[in-house]
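Since this is a predicted model, take the numbers as computed values, not measurements. Numbered from 1 within each chain, the chains take letters A, B, ... in sequence-line order.
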Number of protein chains: 2
Amino acid sequence: MDAPRWLDEREDRAWRGYRRMRRLLDLELARELMQDAGLSEPDYDVLSDLSETPDQRLRLSELADRMLWSRSRLSHHLSRMQQRGLVIREECPSDGRGSVVALTAAGRQAVEAAAPGHVAAVRRHLIDLLTAEEIEALGALTHRVVDHLAAGEQRRGRAEV
Amino acid sequence: MDAPRWLDEREDRAWRGYRRMRRLLDLELARELMQDAGLSEPDYDVLSDLSETPDQRLRLSELADRMLWSRSRLSHHLSRMQQRGLVIREECPSDGRGSVVALTAAGRQAVEAAAPGHVAAVRRHLIDLLTAEEIEALGALTHRVVDHLAAGEQRRGRAEV
DNA sequence: GCCAGGTGGTTGACATGTCATCAAAGCGGC
DNA sequence: GCCGCTTTGATGACATGTCAACCACCTGGC
């Protein structure tokens with residue numbers, strides 16, 4: 001193994017800052033969301049993704065892919081949300097194996113009630129603290145990293161049989 | 001409630017990119033760390049923080065604060081790591097309630113074996129994909145957000161009795 | 001010195017996420 | 001049409017994290 005290239009001071013600062021921010025920002029957003037709307041972040045993400053689709057419904061696998069969740073996780077989570085009346089499972093007309101999740105009226109109300117406050121929190125704790133250039137840079141850099149990771153996954157998918 | 005200020009296109013791009021990156025980067029780093037070194041990210045963080053202290057040992061509360069973990073979580077996790085022989089609990093000489101966690105020889109070996117690969121992964125999937133300006137910007141922006149959140153916590157701590 | 005209240009850490013019950021496995025249904029070659 | 005293989009989603013066992021309750025000990029006012 002070659003001598004490892006450790007992180008220099010600036011790199012280390014960025015990396016530690018990123019991890020700290022991730023943790024604190026998550027905690028705070030989750031805290032406020034739960035307090036104000038009674039939803040966890042995963043709840044909100046599911047409802048939000050569903051509410052953005054034209055028909056307020058999605059195939060499970062499609063939703064899982066969008067959210068970068070495993071099918072198993074989604075299935076468990078939807079069962080809990082279904083218990084609470086936020087979503088409902090329907091049969092898929094075009095594929096007998098499949099299911100479709102749909103937003104219920106209560107689910108739609110829940111996202112609509114939660115969204116303004118949640119967006120405001122995201123602004124207050126992140127977006128509004130950044131300059132226009134930083135927002136631009138953050139968008140560029142995160143997408144580059146995401147594309148790189150997605151490409152890596154592709155490669156791995158082909159490689160390992 | 002005022003009309004919510006939704007995110008504009010650039011803000012949305014940054015926010016979505018951030019969340020996607022967070023998820024994918026985490027998964028990939030955790031995957032490689034487990035595969036190469038048999039450690040989870042929480043394991044690595046504990047070992048890494050301990051190995052950075054002069055004496056390879058810390059009070060539990062001190063470690064919990066540094067890691068932004070609850071005491072409960074730390075206690076549970078240390079029990080598991082202790083089972084595996086990576087750390088050991090000692091009595092605190094100066095405070096009869098307290099405990100101290102110390103790195104074992106095996107624990108030290110584990111971090112030292114894991115570190116080069118992990119740093120390389122962080123470089124490969126994040127740091128080396130960014131320009132010097134982006135690294136600088138990421139460091140600045142994350143620290144600003146962290147400071148803001150920490151200040152908010154302070155305020156809340158005083159406010160709610 | 002002693003007691004009231006705070007602090008440090010552990011614990012158990014519960015919520016959530018992961019992994020492996022499974023059944024049911026689709027798909028494709030023959 | 002049939003059979004093997006894949007895909008979809010559900011499920012159960014397990015790992016991990018959270019929350020509230022708890023004990024032991026410290027600390028400060030009296």
Separation of atom CG in B/Leu58 from atom P in C/dG8, rounded to whole Å: 15 Å
Nucleotide C/dG17, atom P - distance to CZ of B/Arg23 in whole Å: 9 Å
Phosphate-side-chain proximity, A/Arg59 and D/dG9, N/O vs OP1/OP2 below 4.0 Å: yes
Distance in angstrom units between B/Arg73 CZ and D/dA15 P, rounded: 17 Å
For the student: nearest non-hydrogen atoms of B/Leu50 and B/Val101, plus distance: CD2-O, 3.8 Å
base_contact_polar (D/dT7 base, A/Arg97 side chain, donor-acceptor, <3.5 Å): yes
Nearest to side-chain heavy atoms of B/Leu60, which nucleotide of C/dG26, C/dG9, C/dG17: C/dG9
More than 12 heavy atoms of other groups within 6.0 Å of A/Arg84 CZ: yes
Heavy-atom donor-acceptor pair, A/Ser72 side-chain to D/dT11 base, under 3.5 Å: yes
DNA chain C contacts among residues 76-91 of chain B, heavy-atom distance under 4.0 Å: B/His76, B/Arg89
Parallel, tilted or perpendicular: ring planes of A/His148 versus B/His125, cut at 30 and 60 degrees: tilted
For atom CD of A/Glu62 and atom C1' of D/dG9, their distance in whole Å: 15 Å
Length of the CG-P vector between A/Leu63 and D/dA10, whole Å: 12 Å
Atom-to-atom span, CG of A/Asp43 to P of C/dT16 - whole angstrom: 7 Å
Between D/dG17 (P) and B/Glu41 (CD): distance, integer Å: 11 Å
Heavy-atom check, side chain of B/Arg66 versus side chain of B/Thr53, under 4.5 Å: yes
Shortest non-hydrogen contact between A/Arg13 and B/Ala140, atoms and distance: NH2-CA, 3.7 Å
First of B/Pro42 and B/Asp95 reached from the 5' end of DNA chain D, by closest nucleotide: B/Pro42
Over all atoms of both residues, closest heavy-atom pair of A/Arg59 and A/Ser94: NH1-OG, 4.4 Å
Residue pair A/Pro42 / A/Arg73, side-chain heavy-atom distance below 4.5 Å: yes
For atom CG of A/Leu74 and atom P of C/dT16, their distance in whole Å: 14 Å
Short side-chain N/O contact to C/dT7 OP1/OP2 from B/Ser61, under 4.0 Å: no
